[in-house]
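Following: one structure in structure tokens, then a few remarks.
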2 protein chains.
Amino acid sequence: MTSGQPLPHAAEPTLTIAQVVDRTGLSHDTLRYYEKAGLIERVGRTTGNQRRYLAADLAWLEFLIRLRETGMSIADMQRFAELRARGDATVPDRLAMLREHRADLKERIRALRRNAAALDDKIDHYERLLERPGSDDPI
Amino acid sequence: MTSGQPLPHAAEPTLTIAQVVDRTGLSHDTLRYYEKAGLIERVGRTTGNQRRYLAADLAWLEFLIRLRETGMSIADMQRFAELRARGDATVPDRLAMLREHRADLKERIRALRRNAAALDDKIDHYERLLERPGSDDPI
DNA sequence: GCTTGACCTGGAGCGCGCTCCAGGTTCTAC
DNA sequence: GTAGAACCTGGAGCGCGCTCCAGGTCAAGC
């Protein structure tokens, strides 16, 4: 039986801000901005006041990045982070937010696919225009 | 044989800016901004200097809206509009732009779908958390 | 003719999501 | 101990895509 759980009181490995920049692709400034904005709870510091990120911080950042990439605003991410900070009692609210975000996202994906199809048609039109020049060029 | 072509010298019907606002969903200010930015060629005016849009203007605006909805920047739309203004010789360039835009768009759609799937997983996680409270809540 | 609402212009302002800066502190390697 | 890199803070600035404003002109209905 291997030990899968972290040892209690074992010093958890931490990451400097530069390491988090490397792993997430976020900039130093964005990481500080997210912290200042309350998207991420105040990260632990060394005695010299330098940030040290835990694996859990990284996982949360990666989740935030996913929310951002799917078009969630900073304001909504702030709401979500605030709910999360209030603990398990807010799980239903968080679930509702995620479900709504997912519904929006899927609708946006559908709209993009419709637009992509229309773009395909426009491209076909231009291709025909190249083959048979002199036809009308409405656009 | 019905006459499918517009009669030469027939007064083409025109639209006021308010009518174009209604049909496109763009605001007065956005329409003026697009014209100032060169996205749309200077629209015809009445003797009193008020804009009158032609059906072709509307079609072009609708195309611009599609480009915008698929994430094209104003700067790229300006490039496209400029090529269009230079005439048929630029069709190959326009086609290249549209093909590249389509490739970007399809990649973004794929990324969104991946993120949507991950969001589904996260929602499943929260749903299980609601059913069996007390489990770990990593996020 | 008058009123009222639609329209015109140039330019300033705004909300978003960062990004940059100045000036100082801390850490690491030698 | 020291140099140089990494890090800290508050706050200003920026690029994008509009949006608003002031101060005027024009048009349609009575």
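Just so you know, these numbers use all the heavy atoms, side chains as well, and skip hydrogens, waters and symmetry mates. Quick note on labels: first sequence line is chain A, next is B, and so on, each numbered from 1.
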Would one find more than 12 heavy atoms of other residues, nucleotides or ligands at under 6.0 Å from atom CD of A/Gln19?
-> yes

Measure the distance from CD on A/Gln19 to C1' on D/dA6 and round it to the nearest whole Å.
-> 12 Å

Should the heavy atoms of other residues, nucleotides or ligands under 6.0 Å from CZ of B/Arg52 be counted, would the total exceed 12?
-> yes

Selection from D/dC26, C/dT9, D/dT9 that lies nearest to any side-chain heavy atom of B/Gln50 | D/dC26

Check whether any side-chain nitrogen or oxygen of A/Arg51 sits under 4.0 Å from OP1 or OP2 of D/dC7, and answer yes or no.
-> no

Side-chain (A/Glu107) to main-chain (A/Asp104) donor-acceptor, under 3.5 angstrom = no

Using the rule that two of Ile, Leu, Val, Met, Phe, Trp, Tyr join whenever any of their side-chain heavy atoms come within less than 4.5 Å, decide whether A/Met97 and B/Leu130 are in one cluster.
-> yes

How close do B/Glu69 and A/Asn115 get, heavy atom to heavy atom, and via which atoms?
-> OE1-ND2, 3.3 Å

Taking all non-hydrogen atoms of both residues into account, name the closest pair between A/Trp60 and A/Ile40 and its distance.
-> NE1-CA, 3.8 Å

For C/dA6, take OP1 and OP2 only and decide whether either is under 4.0 Å from a side-chain N or O of B/His28.
-> no

A/Arg23 side chain vs A/Val21 backbone, donor-acceptor pair below 3.5 Å = no

B/Thr70 and A/Leu112 have their tightest heavy-atom pair at CA-CD2, 4.1 Å

Report, one pair per line, the protein and nucleotides 28-30 of chain D atoms (nitrogen or oxygen only) whose separation is under 3.5 Å.
none

Letter by letter from the 5' end, nucleotides 18-23 of chain C scores (B base, S sugar-phosphate only, - none; protein heavy atoms under 4.0 Å) BBB---

Is there a residue in residues 36-47 of chain A whose heavy atoms reach under 4.0 Å of DNA chain D, and which residues are they?
-> A/Lys36, A/Arg45

Atom CD of B/Glu127 with >12 non-hydrogen neighbours under 6.0 angstrom | yes

Starting from the 5' end of DNA chain C, give me the residue, B/Ala18 or A/Gly48, whose nearest nucleotide shows up first.
-> B/Ala18

Atom CG of A/Leu31 and atom P of D/dC7 are separated, to the nearest Å, by 11 Å

Side-chain N or O of A/Thr16 closer than 4.0 Å to phosphate OP1/OP2 of D/dC7 = yes

To the nearest 0.5 Å, how far apart are NE2 in B/His101 and CG in A/Leu119?
-> 5.5 Å

Would you say the side-chain atoms of A/Gln78 pair up with the backbone N or O of A/Ala37, donor to acceptor, closer than 3.5 Å?
-> yes

